[in-house]
Amino acid sequence: MKDLLKKISVFITAFLIAVVFIIPDFGVLADTTTPDSSSTSTSTSTSTSTSTSTSTTTTITTITTSTTTITTKPIEGSPNFIISSVSGNKIEAGKTQTISIRLKNVGDDCKRSTISISDEKGIFSFPFGEIQSISYIDENDYQTISYEVSTPDYTSSGRYSLKLDLTNINYDKVSSTQSLSFYVDVKNNIKMGGLEVSSYSTDKVDVKDGDAFLLTVKLKNNSGMNITGAKISLGGLDGTKFAMNNGLSSYTVDVAKDAEITLQFPLVACKGIASIREVLPLNISYYINPNDSATKQEYSSNITISCAKPAETTSTTEPKVFAPKIIIEKYSFGGDYVTGGKTFPLSLTIKNTSSNAQIQNLKVTIQGGSSSAGSSSVVAFTPANSSNSFFFKALNANASENINIEMLAKADATPNSYPIEVVFNYEYTVNGRKGDSVENVTETINIPLQQEDRLEVNQPELQETGMVGQEMPISVGIVNKGKSSVYNVTVDIVGEGFTKTSAAAYYIGNIDSGKEESYDNSIVPNAEGQVKGEIVVTYEDSNGKQKEIRKEFSFNAMQMVIDDPSMTGSDMPVNGDVGNNGTSPVLIIIIVVVGVVVLGAAGFVAFKIIKKRKFKKAQEIEDDDEVL
């Protein structure tokens, strides 16, 4: 055993001498070489070695009796960058924001790098340029670049990819290229159908056949974006009830965000108008993204015109009887919105607004109205488990009645606001005189529909047993099985008895319907025994409500056991006793470990000495070239 220790000591000593005195000199010699390719040529010289040099190249030549081998080494390799981190990559549509990218050089030293940012989909713009340049980045050094990024206000919420194209030049003036990608998350609060009628009026009350009047309509842009090229047209002007009076029935307008515009339609009433009121449709259409036909918004808003037929000439002096007005005084549907695939209670209060007329034989029909969604018409609501018609024998002047019905929301409807139509069919009596006709009036209410989120977190995947102090990988899948996207998804690990290798919570962003994301990390057990923890997933649903899902996991942590089968010979002490040679096996292990560490450290020092001398030489050559 003593002989073995002596051999180990001699070997370590010899290696240290070589590191200190021989290897650095070799490094100096290697510094004199320049990049070239290896070549072989025939020679008959009997010399054992020679050295050839010029003003730019030095080579080491070995000559034998048959061949000559010329070997050269490159001064420096190629740089290689990775993205260490990105900040400012959460962007609000319609704004300009600074994005900072921190790059790390994991390759060889870089003299210069030119970096260009690009967007494959052509959504983003870069007001202050797309090209950056950085210089003198050593191996394992960091450099941060920044870009100003502008996003159109019509950009949809979601995750988008940006690419960096790098041209790197090392100290040999050799260039190389690479591409890196990263993501930005865009949030958009655009309101669909956001160009709304804020008010309207006519310059005459109770227009009648032959009356010319001016209809004034005010539109408010509540969409959260600038609207360009919106087409506004007034329908129902075929001459049956109304016609244009030397004016325009349609306009094409631009409306700034939160702005209000006023449009005027000169009209004339015709013979076919009703005795109470008429409804004209105001048709509105525009594109959220002018370059994308799929973003077209198209809908109608009703304009009610108060009408009165001219008095008929009769032999009686009795005044003409006009129908009383019935309205929806108030309604509720159990909350702020309804959920697709579920029933909800709809409550209505209807009122006879007349002060002297009684409504008779009133039939009320409740049905889902047709709403344009995409390329097809959608009816989102239907009655559930009951009839949709209600009958009232009479509704006195200024009286009200309540109606309650259970409705079912369509299970696969896109989250949006959908109409419910309430149709009134009735007769009436005014001061004992029966009305001339049966009234048929339709009122519309709108109810927002949302889809229930179904974000599921799979059972965490990890080993049943781990070792104290050793990394243990853990992963989990996250699946959005709902019909709506979820937003700002963040994943973290919590618990006691272990340490995470990545301490910060991981931000995933948005997960669209039917998509899956995964989270991977590693944990290190701190003590022996059972370890318990939880995967915590937080997110916001389509209504902006924050929610949380927790998944538990557990495993057993054990102390690491070192089993060295080589310690079974006759020299191995039993029960900690010292063998015949007087050397403890623990001391032997310590000496061997220390020897290995010393050898590794010495090799690393030698490597750094050579690398630094090569780098310094490369800089000197570069400076000489620039002077020349």
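Each residue takes its place number in the sequence, starting with 1. Just so you know, these numbers come straight off a predicted model, no measurement behind them. Reckoned from all heavy atoms, side chains included, excluding hydrogens, waters and symmetry mates.
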Please determine whether side chain to side chain donor-acceptor pair (under 3.5 Å) holds for the pair S513 and N480, giving the CA-CA distance in whole Å, both sets of side-chain angles, and the decisive distance to 0.1 Å. CA-CA 5 Å; S513 173; N480 183 4; 5.3 Å; no
Walk me through whether T228 and D254 qualify under side chain to side chain donor-acceptor pair (under 3.5 Å). CA-CA 4 Å; T228 59; D254 297 337; 4.9 Å; no
Show your working on side-chain contact (heavy atoms from CB on, under 4.5 Å) between T177 and D165 and close with a plain yes or no. CA-CA 7 Å; T177 60; D165 291 311; over 6 Å; no
Walk me through whether T202 and L267 qualify under side-chain contact (heavy atoms from CB on, under 4.5 Å). CA-CA 10 Å; T202 58; L267 305 176; over 6 Å; no
From CA spacing to verdict: side chain to side chain donor-acceptor pair (under 3.5 Å), N168, S113: CA-CA 4 Å; N168 306 320; S113 181; 2.6 Å; yes
Start with the C-alpha gap between F81 and I137, add the side-chain angles, then the distance that decides, and say whether side-chain contact (heavy atoms from CB on, under 4.5 Å) holds. CA-CA 10 Å; F81 289 92; I137 311 96; 4.1 Å; yes
Side chain to side chain donor-acceptor pair (under 3.5 Å) for T499 and N526? Distances and angles first, verdict last. CA-CA 7 Å; T499 303; N526 298 330; 3.2 Å; yes
Intermediate values then yes/no, side-chain contact (heavy atoms from CB on, under 4.5 Å), I478 and Y539: CA-CA 11 Å; I478 305 169; Y539 65 97; over 6 Å; no
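Looking only at distances, a side-chain donor or acceptor of D153 sits under 3.5 Å from a matching main-chain atom of N226. Of the possible polar contacts, none joining the N245 side chain to the P266 backbone as a donor-acceptor pair under 3.5 Å is found. Remark: the backbone N or O of K532 is not paired with any side-chain donor or acceptor of E496 at under 3.5 angstrom. No donor-acceptor distance shorter than 3.5 angstrom exists from the side chain of S417 to the backbone of N446, with no hydrogens or angles considered. T444 contributes no side-chain N or O that, together with a main-chain N or O of P419, makes up a donor-acceptor pair within less than 3.5 Å. No donor-acceptor pair closer than 3.5 Å links the side chain of D512 to the backbone N or O of S485. Using a distance-only test at 3.5 Å, with no hydrogens or angles considered, a donor-acceptor pair links the side chain of N221 to the main chain of A256. Using a distance-only test at 3.5 Å, with no hydrogens or angles considered, no donor-acceptor pair links the side chain of N302 to the main chain of P281. The backbone N or O of K90 sits less than 3.5 Å from a side-chain atom of Q97, completing a donor-acceptor pair.
Across all non-hydrogen atoms, the minimal contact from S161 to D119 is O-OD1, 4.0 Å. The minimum heavy-atom distance linking I535 with P460 is given by the pair CG1-CG, 3.6 Å. F265 and S250 make their closest contact through CE2-N, 4.4 Å (heavy atoms, listed as atom of the first residue, atom of the second, distance). Of all non-hydrogen atoms in L166 and L164, the two that sit nearest each other are CD1-O, 3.6 Å. Closest approach of N170 to G77, counting heavy atoms only: ND2-O, 2.8 Å. Residues E260 and S198 approach most closely at OE2-OG, 2.6 Å, considering heavy atoms.
For D336, the CG atom is loosely surrounded, since the number of other residues' heavy atoms within 6.0 Å does not exceed 12. The environment of CD in E120 is sparse: at most 12 heavy-atom neighbours from other residues, nucleotides or ligands sit within 6.0 Å. Other residues, nucleotides and ligands contribute more than 12 heavy atoms inside 6.0 Å of the CD atom of Q459. For E148, the CD atom is densely surrounded, since the number of other residues' heavy atoms within 6.0 Å is greater than 12.
For the ring-ring contact (aromatic ring centres under 6.0 Å, His included) test, residues two or more places apart in sequence or in another chain that qualify with F344 are F381.
For the pair K104 and N140, the minimum side-chain heavy-atom distance is below 4.5 Å. With a 4.5 Å cut-off on side-chain heavy atoms, P448 and F333 count as touching. Looking at heavy atoms from C-beta onward, L180 lies in side-chain contact with L103 at the 4.5 angstrom threshold. Residues D453 and S484 are not in side-chain contact: their nearest non-hydrogen atoms beyond the backbone lie 4.5 Å or more apart. Looking at heavy atoms from C-beta onward, Q297 lies in side-chain contact with I288 at the 4.5 angstrom threshold. Side-chain atoms of V422 and Y331, non-hydrogen and from C-beta on, never get closer than 4.5 Å to each other. With contacts defined as side-chain heavy-atom distances shorter than 4.5 Å, the pair L234/L215 qualifies. In this structure the side chain of V184 never reaches within 4.5 angstrom of the side chain of T151, judged on heavy atoms.
A donor-acceptor pair shorter than 3.5 Å can be found between the side chains of S100 and S146.
Taking CD from E92 and CG from N188, the interatomic distance works out to 8.0 Å, rounded to the nearest 0.5 Å. How far CG of L263 is from OH of Y200: 15.0 Å, rounded to the nearest 0.5 Å. Put simply, CG on L449 and OH on Y337 are 10.5 Å apart, with the number rounded to the nearest 0.5 Å. To the nearest 0.5 angstrom, I134 atom CD1 is 6.5 Å from C110 atom SG. For the atom pair OH (Y299) and CG (L282), the distance works out to 9.5 Å, reported to the nearest 0.5 Å. For the atom pair OG (S306) and CZ (F213), the distance works out to 10.5 Å, reported to the nearest 0.5 Å.
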Without placing hydrogens or testing angles, list every side-chain donor-acceptor pair under 3.5 Å for residues 515-523, not counting sequence neighbours.
| from | atom 1 | to | atom 2 | distance (Å) |
| --- | --- | --- | --- | --- |
| Y519 | OH | N521 | ND2 | 2.8 |
| N521 | OD1 | T501 | OG1 | 3.0 |
| N521 | OD1 | S502 | N | 3.4 |
| N521 | ND2 | S502 | O | 3.3 |

Quick one: side chains of residues 488-495, donor-acceptor pairs under 3.5 Å with protein atoms, not counting sequence neighbours, listed by atom name and distance.
| from | atom 1 | to | atom 2 | distance (Å) |
| --- | --- | --- | --- | --- |
| N488 | OD1 | Y507 | OH | 2.9 |
| N488 | ND2 | E540 | OE1 | 3.3 |
| D492 | OD1 | K500 | NZ | 2.8 |

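Just one residue in the list L219, V217, I261 forms a side chain to side chain contact (heavy atoms under 4.5 Å, CB included) with I232, and that residue is L219.
A salt bridge is absent between K187 and D185; no separation between the charged side-chain nitrogens and carboxylate oxygens falls under 4.0 Å.
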